[in-house]
Amino acid sequence: QGVTGLPDSHLAVSLCEQLQNQATLSGETREANQSGNRCSFHPYEKLKLYCKHCQVPVCVDCATESHEEHPTMSLKKAAQERRSTVQALITEGRNILET
C-alpha cells in the first residue's frame with residue numbers, strides 16, 4: 001500500500017487546506033492584476049484597498065458604499081501580510097516533514 005496506507009495526519013491535512021486557501025486567494029489577486037486591477041462594479045476605479053471583514057480587494061467607491069463600516073487597509077499591505085502567512089505555513093510544513 002505504501003504511503004496511501006498510512007493514517008492521515010490532521011496537522012498535515014490542515015496545513016494543506018490552509019495552503020490551498022491561500023493559493024486560491026493568490027490566484028484571485030493574480031487574475032485581478034491581469035484584468036487591469038479594476039473593480040468589477042466600478043470599472044473606472046482601480047482596486048487600491050482591502051476589506052479586512054470581507055477579505056476582498058475593493059476600490060475607493062466600494063469602500064465608501066458597501067464596505068463603509070468595515071475596516072480596510074492598503075491592498076499592498078494586505079498582500080505583504082498574506083505573503084508572510086503563506087511563507088510561515090510552508091516553513092512549518094517543511095519542519096514537520098523533516099521530523
Side-chain angles (χ1 to χ4, degrees):
Q1 286 180 341
V3 175
T4 57
L6 294 173
D8 289 339
S9 165
H10 295 290
L11 180 59
V13 170
S14 175
L15 281 171
C16 287
E17 287 174 356
Q18 289 178 14
L19 287 170
Q20 286 174 334
N21 289 339
Q22 291 295 329
T24 299
L25 290 173
S26 296
E28 290 171 0
T29 304
R30 190 168 37 254
E31 287 170 11
N33 287 339
Q34 290 174 350
S35 67
N37 209 20
R38 300 278 177 185
C39 177
S40 58
F41 299 105
H42 307 100
Y44 51 88
E45 289 287 338
K46 287 187 175 185
L47 298 171
K48 295 183 179 179
L49 301 170
Y50 181 78
C51 176
K52 293 167 116 179
H53 178 76
C54 300
Q55 297 185 345
V56 295
V58 295
C59 73
V60 174
D61 286 351
C62 283
T64 58
E65 293 170 6
S66 53
H67 299 265
E68 66 180 321
E69 297 296 321
H70 300 174
T72 59
M73 63 193 314
S74 78
L75 191 56
K76 184 177 182 176
K77 183 175 180 181
Q80 289 171 342
E81 285 182 7
R82 290 211 176 267
R83 191 172 303 126
S84 63
T85 301
V86 170
Q87 189 60 46
L89 287 170
I90 290 170
T91 302
E92 184 178 348
R94 284 184 180 149
N95 290 339
I96 290 169
L97 292 174
E98 290 174 356
T99 57

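Predicted model, so just to flag it, every value in this text is computed and none were measured.
Pairing each heavy atom of A63 with each of V58, the nearest pair is CB-CG2, 4.2 Å.
Residues passing the side-chain contact (heavy atoms from CB on, under 4.5 Å) test with K77, sequence neighbours excluded: M73, S74, E81. Looking at residues two or more places apart in sequence or on another chain, you find no side-chain contact (heavy atoms from CB on, under 4.5 Å) involving P43. Judged as a side-chain contact (heavy atoms from CB on, under 4.5 Å), and not counting sequence neighbours, the contacts of T91 are Q87, N95.
Cluster annotation: L47 is connected to Y50 through the hydrophobic network of ILVMFWY side chains, with a link wherever side-chain heavy atoms come within less than 4.5 Å.
Residue pairs meeting the ring pair (Phe, Tyr, Trp, His ring centres under 6.0 Å) criterion with at least one partner in residues 77-99, sequence neighbours excluded, do not occur; the list is empty. Residue pairs meeting the ring pair (Phe, Tyr, Trp, His ring centres under 6.0 Å) criterion with at least one partner in residues 75-99, sequence neighbours excluded, are absent. Screening residues 75-99 for ring pair (Phe, Tyr, Trp, His ring centres under 6.0 Å) gives no qualifying pairs among residues at least two apart or on separate chains. Pairs engaging residues 79-99 under the ring pair (Phe, Tyr, Trp, His ring centres under 6.0 Å) rule: none recorded [sequence neighbours left out]. Listed by first and then second residue, the side-chain hydrogen bond (donor to acceptor under 3.5 Å, both in side chains) pairs involving residues 57-69 are H42-E65, Y44-D61, H67-H70 (not counting sequence neighbours).
Contact annotation: the side chain of C39 never approaches that of K46 to less than 4.5 Å [non-hydrogen atoms, C-beta and beyond]. Side-chain contact between E45 and R38 is absent, with no heavy-atom pair separated by less than 4.5 Å.
Between the SG atom of C59 and the CG atom of L75 there is a distance of 11.5 Å, given to the nearest 0.5 Å.
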